[in-house]
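Below is one structure, written out as structure tokens; the observations come after it.
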Amino acid sequence: MSLQLSVPFRLDVTLCCGQVFLWERRGDWWFGVVGGSVLRVRQCGDVLGFAGANEEFVRRYFGFDDDLNRIAREIGKDQYIKSALHEFWGLRIVRQEPWECFVSFICATYKSVAAIQRMLTQLSLKFGKPVEFEGEVFHAFPSAERLAAASLEELKSCGLGYRASYLQKTSQMVEANGFNVKAMRKMSYAEARDVLLEFPGVGPKVADCVLLFSLGKLEAFPVDVRVKRFLLRHYAPAFEPVFMEKLTQTGGLSDSGYERLNFFGRTYFGRYAGYAQEYLYHYERCFAGTANLKKKRS
DNA sequence: TACTGGCCTAGGTA
DNA sequence: ATACCTAGGCCAG
């Protein structure tokens, strides 16, 4: 099946920008398991070809209802973000499966994207239900029940390290009390964030990623080392010199430091701050390299 | 309340 | 090759 694109969209950028980890590229086609079924998608200009789901599902998953032109007008506050918007125009925030997204970002702490993909792939292979598609076996993302029953050793064998116990405890909590996606969608950003923060292994960064990439809270503004970096480089005048100095001197980010940068992002860019974050994050990742702003060791 | 280390592991880099 | 550094942070003290 195929659909004629009537909105700006770029599939490859959307799947490569670091918001989702389990899509695999094979030639022109992308393969992914979403909600227990396998999806095959490719883009040729204004035509999106797909198999494994209906058009409505595809439209919802890739966020075609987001009015990108309007979003760009609202977040396009300065030349730097405008450059990122221009470079990656068509990048959209995906509506991931919340549980998969939650697990992904619990595992993502202090890991590179390549390593995250590897961990999640192993978890799926080991604990996910096999799904046949076009004569081939794929694996669905494992349920909370299955992960809750896994031993620490089994989880660690997927490369999780210290994240294994977080994932085990969180899975057990979800198995016992559920993961109330519907309720969180209805809540405000702040309320839903507080719910997520109750789970082990979930701090503000992980919560913001889940809110943005799976719960439709487009004002969420996750702050990681790259975001911190481009804020230091390009938005320094927005902060007090003393605060800037402290940020530059320390590698990590304290709770209060996180909240200040997060608050800046949400107030400066507005209700679509999450889109700004993702365009800028990807821009930083592709063009800014890994210049070292950390305190020099002596 | 705010800050400091420690933490598992795997890619990437010198 | 082999050592070292950093990676989409969180938690305990």
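Note that this is a predicted model, so its numbers are computed, not measured. Per chain, numbering begins at 1; letters A, B, ... match sequence-line order.
The OH-C1' distance, from A:Tyr283 to C:dG8, rounds to 20 Å in whole Å. Atom CZ in A:Phe102 sits roughly 13 Å away from atom C1' in C:dC10 (whole-Å rounding). Going from atom CD of A:Gln96 over to atom P of C:dG8 covers 16 Å, rounded to whole Å. One can place CZ of A:Arg226 at 7 Å from P of C:dA7, the figure rounded to the nearest angstrom. One atom, CG of A:Leu197, and another, P of C:dG9, lie 16 Å apart when rounded to the nearest Å. In this structure, A:Arg163 places its CZ atom 13 Å from P of C:dC11, rounding to the nearest Å.
The residues A:Asp67 and A:Arg73 are annotated as not salt-bridged, no charged nitrogen and carboxylate oxygen being separated by less than 4.0 angstrom. Salt bridge A:Arg26/A:Glu136: present, at least one basic N to carboxylate O contact under 4.0 Å.
Test A:Phe199, A:Phe213, A:Tyr166, A:Phe141 against A:Phe102 for ring pair (Phe, Tyr, Trp, His ring centres under 6.0 Å) and you get one pass: A:Phe199.
Taking atom P in both C:dG8 and B:dG5, one finds a spacing of 23 Å when rounded to whole Å. The same atom, C1', is picked in C:dT6 and in B:dG6; the two are 16 Å apart, to the nearest Å.
Listed by residue number, the members of residues 166-181 of chain A with any heavy atom below 4.0 angstrom from DNA chain C are A:Tyr166.
In this structure, A:Arg266 and A:Glu219 approach most closely via the heavy-atom pair CG-O, 3.0 Å.
Comparing A:Leu160 and A:Leu253 along DNA chain B, the residue whose closest nucleotide (by nearest heavy atom) sits nearer the 5' end is A:Leu253.
Ring geometry for A:Tyr80 versus A:Phe230: interplanar angle of 30 to 60°, hence tilted. Below 30°, between 30° and 60°, or above 60°: for A:Phe287 and A:Phe88 the angle between ring planes is below 30°, a parallel geometry.
Base pairing in DNA chain B yields stems of at least 3 consecutive Watson-Crick or G-U pairs, both distances under 3.5 Å, namely B:3-7 with C:9-13, B:9-14 with C:2-7.
Note that the first and last nucleotides of DNA chain B, 5' to 3', having any atom under 4.0 angstrom from a heavy atom of chain A are B:dC3 to B:dG11.
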